[in-house]
Number of protein chains: 4
Amino acid sequence: MVIATKNKSTEKYNTILEAAVKVFAANGFYQSTIAQIAREAGVADGTIYLYFKNKDDILFQFFNYKTKQVFQQFGEAVALADNPIDKLRNLVRSHLKAFQQDRCMAILYQTETHKYKRIADDRIKEMSKMYLDIISDIIEQGQQEGCIRKDLYLGLVKRFIVGSVDEVINTWLHADGQYELASMADPLVELLIRGIGSSAN
Amino acid sequence: MVIATKNKSTEKYNTILEAAVKVFAANGFYQSTIAQIAREAGVADGTIYLYFKNKDDILFQFFNYKTKQVFQQFGEAVALADNPIDKLRNLVRSHLKAFQQDRCMAILYQTETHKYKRIADDRIKEMSKMYLDIISDIIEQGQQEGCIRKDLYLGLVKRFIVGSVDEVINTWLHADGQYELASMADPLVELLIRGIGSSAN
Amino acid sequence: MVIATKNKSTEKYNTILEAAVKVFAANGFYQSTIAQIAREAGVADGTIYLYFKNKDDILFQFFNYKTKQVFQQFGEAVALADNPIDKLRNLVRSHLKAFQQDRCMAILYQTETHKYKRIADDRIKEMSKMYLDIISDIIEQGQQEGCIRKDLYLGLVKRFIVGSVDEVINTWLHADGQYELASMADPLVELLIRGIGSSAN
Amino acid sequence: MVIATKNKSTEKYNTILEAAVKVFAANGFYQSTIAQIAREAGVADGTIYLYFKNKDDILFQFFNYKTKQVFQQFGEAVALADNPIDKLRNLVRSHLKAFQQDRCMAILYQTETHKYKRIADDRIKEMSKMYLDIISDIIEQGQQEGCIRKDLYLGLVKRFIVGSVDEVINTWLHADGQYELASMADPLVELLIRGIGSSAN
DNA sequence: AATGAATGAGCGTTCATTCAT
DNA sequence: GATGAATGAACGCTCATTCAT
């Protein structure tokens, strides 16, 4: 009983895209060559151009489909919780989980994003906005419900959250993923909410 | 008694290094060419090789001297305060101020750091460690003095602080520096200490 | 009694050849790709290799059959006239008419001929010789009959005629065929015969 | 006493341009590679790009400077004669002489001109126009002075002359230059003026 | 017969680095 | 020290041709 056999074309497209992500993650985009990607994917150099317009396009497709899809999952994870604090926890948790599961994607997203505005600016901005919008909604709901401080500059709070999460991921990446990234979700959210100060402050 | 007369050599070295930082910041390291740097510095291509071993070395020197020096200033700023919370405030303030004053350095440091482990890994790790050590000291002192929560996982707290600051800088960079970066220091530190949760939590 | 039913194979052969001529005329031989020809012909790239040995062979076949056939018609047109001057007029007329009717062939023949000695040298020389022989016969007959000057260097006269006709065609091609090419036949022949000098010379 | 020592740059520019013309003449523009030109010129591949923007530019420069210059000489040759028929003779003579002296230029101009409108359209049109204008002037003067027929369609006469000359050159080229091209000038002009018809016509 | 995905040799171009002046 | 012309390795990309289906 065949439900969904991906056709050959899609298979090769994915093979190449994943090979590319692996190579990009290892060497950086500009240091990666088409020949390396082809070798990693087990195809000829020219084959890559049957599935991608050019080298830039490979990175673009990565941001357009692969990463985008992951970021959309974050929204779904959030929807599963009712109260803002659980939503935030779900967001951070699914973010860390997803990046832990696909280390190459994590590297590419963390280290290559800022540099490739030229290539995938719109996609990255779109994702970034989607992420920030989710956070905004959470904050606002939290403020209405009283579980989040009302005297906050929203723009700053968003950076505060995004930055903490990003840095936790970066640290994990630099440590070669030797610990459970996802396990950092709960302590991190707790920190975000309560801060580092003792109640004496 | 030595009067610090910089000799001609040092001047040209600095001219080139600053030109390179400008060019790297504008185009990224790998997209920048020696010819561009030479033009920006007003010297011949070959001259660059009298002061730097190769292209990589320029970036290495940037991290080795220029950035390192700035990061050392952070330590000095911290030393001026007595209590941990003021120390943290001074750290964040001097960090934001320094990066606001030298935008190119900020760009290079924020966007190129992760990618150049190959080139300047030791320097970057050294700086990073220095920065994290400062924070560690602050946290520990704060915990002893009671102004910082004692139930914190130190490794996480450090990322939490570093990440927030970085992201605030990134956001400022992406906004083309249209506002006072330094003005974000106090609200950010306040957030770090108190968190986003209302005391009701 | 054979009724000329072209079989399927011949049809496809012609479809491809005509598509190729169209593409070659538009882009030049070396700038045309097999993929373009295949698209224009409505077949797969690989199909072309069932009918032609390789890309060169397509051009070769063009000169071998298509153009050759047209050039043979010139001989027939000449045979319809008795006196040399009418023969010349018929030759030029049928030449201009044929090229006007098949613009792509005209382009290919005029602009690509000289460059493809490598590919179809023998065919082109053969056609060229055939054409020049027709002219030679006309001239010689005209000299015997007294309507053509006897003091002429035959080799030069042939170039003189061929060159004039070619250039008239080229001019028409460059003007995007906005006028009747065939209408130039009579004035041109008149020029060839009488020259540009007044009888006073 | 040094009057005009060409500097090194100009020398190498010319070396490369001449090597390129040689290679283009031998293989055609698109079949020639940068590597071939570099080898012929005795320089490295990259050196070519110090003097020319790209491969197209080499051909462009050829038409822009080298050929243009020769075509301007034609105008000067014409100016040396007073009566229209001598002017025409001088034009044809200097044309054939120049092309005989630089065979590669002749090949490139004759066989590559039509195909490279993309690359040097304006230059080629300019030269072509210059040439046709010279002829127009001659014809008109000749008609006023009575030595050229008044009942001529100027547009056709120009093609008639240009075409004859071109074809004479082509024939010489195809014969591998085994005879004196310039010696064809006088008989050709005589043909242009008197035509091939006997006065009996 | 017909397809079109796959191949990989080959090309134009760039640019870090060298070295004669 | 300073120059910048010259180098040539390396890369992205194209496309004629093949071959499994």
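Each chain gets a letter, A, B and so on, in the order its sequence line appears, and its residues count up from 1. Here the structure is a predicted model, which is why all the values come from computation and not from measurement. The figures that follow rest on heavy atoms only: side chains count, while hydrogens, waters and symmetry mates do not.
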**Message:** I want to check something: taking the side chain as every heavy atom from C-beta on, are C:Gln61 and C:Tyr13 in contact at a cut-off of under 4.5 Å?
**Reply:** yes
**Prompt:** Among all residues two or more places apart in sequence or in another chain, which pass the salt bridge (charged side-chain N to carboxylate O under 4.0 Å, His left out) test with D:Asp56?
**Reply:** D:Arg118
**Asked** Atom OH of B:Tyr13 and atom C1' of F:dG1: how far apart are they, to the nearest Å?
**Response** 18 Å
**Message:** Quick one: does any side-chain atom of C:Asn54 pair with a main-chain N or O of C:Asp57 as donor and acceptor, under 3.5 Å?
**Reply:** yes
**Asked** Starting at CD1 of A:Ile16 and ending at C1' of E:dA5, how long is that distance when rounded to a whole Å?
**Response** 11 Å
**Item:** Residue closer to the 5' end of DNA chain E, A:Gly42 versus C:Gly42 (nearest nucleotide)
**Value:** C:Gly42
**Request:** Verify the contact: side-chain N or O of C:Lys12 to OP1 or OP2 of E:dA1, cut-off strictly under 4.0 Å; return yes or no.
**Result:** no
**Per D:Asp45 side chain, nearest of listed nucleotides E:dT13, E:dA1, F:dT7** = E:dT13
**Asked** Does a side-chain heavy-atom distance below 4.5 Å link A:His174 with B:Lys125?
**Response** no
**5' priority, DNA chain F, between B:Ile48 and D:Ile48 [closest heavy atom]** = B:Ile48
**Message:** Under 4.0 Å from OP1 or OP2 of E:dT13: is there any side-chain N or O of D:Lys53 that close?
**Reply:** no
**Request:** Send over the distance from D:Phe52 CZ to F:dA6 P, rounded to a whole Å.
**Result:** 12 Å
**Request:** Could you tell me which non-hydrogen atom of B:Ala25 sits nearest to which non-hydrogen atom of B:Leu108, and how far apart they are?
**Result:** N-CG, 4.3 Å
**Request:** Please confirm whether A:Lys55 makes a cation-pi placement over A:Tyr30, using NZ or CZ under 6.0 Å from the six-membered ring centre and within 45° of the ring normal.
**Result:** no
**Prompt:** For A:Ile37 and F:dC13, what is the distance between atoms CD1 and P respectively, to the nearest whole Å?
**Reply:** 10 Å
**Item:** A:Asn27: partners by side-chain hydrogen bond (donor to acceptor under 3.5 Å, both in side chains), with sequence neighbours left out
**Value:** none
**Asked** Between D:Ile58 (CD1) and E:dT13 (C1'), how many Å, whole number?
**Response** 12 Å
**Fill in**
Ranking E:dA2, F:dG1, F:dC13 by distance to the side chain of A:Asn54, first place goes to F:dC13
**Asked** What is the distance from CG of C:Asp57 to P of F:dA16, rounded to the nearest Å?
**Response** 14 Å
**Prompt:** 5'-most contact on DNA chain E: C:Ala44 or B:Lys55, nearest heavy atom basis?
**Reply:** C:Ala44
**Message:** Please list all pairs meeting side-chain hydrogen bond (donor to acceptor under 3.5 Å, both in side chains) that have one or both residues in residues 39-48 of chain D, counting only residues at least two apart or in different chains.
**Reply:** D:Lys22-D:Glu40
**Asked** Do B:Phe29 and B:Phe62 pass the side-chain contact (heavy atoms from CB on, under 4.5 Å) test, and can you show the C-alpha distance, the side-chain angles, and the key distance before you say yes or no?
**Response** CA-CA 12 Å; B:Phe29 177 74; B:Phe62 166 73; over 6 Å; no
**Message:** What's the angle between the local helix axes at either end of the helix from E:dA2-F:dT21 to E:dT21-F:dA2, using five pairs per end and rounding to 10 degrees?
**Reply:** 10°
**Request:** State which of F:dT14, E:dA6, F:dA2 makes the closest approach to the side chain of A:Tyr49.
**Result:** F:dT14
**Request:** Figure out the CG/P separation between B:Leu50 and F:dG4, and round it to whole Å.
**Result:** 13 Å
**Item:** Contacts of A:Phe71 that satisfy ring pair (Phe, Tyr, Trp, His ring centres under 6.0 Å) - sequence neighbours left out
**Value:** A:Phe74, A:Tyr109, A:Tyr131
**Item:** Within residues 20-34 of chain B, residues whose heavy atoms come under 4.0 Å of DNA chain F
**Value:** none
**Asked** Atom CZ of C:Arg39 and atom P of E:dT3: how far apart are they, to the nearest Å?
**Response** 15 Å
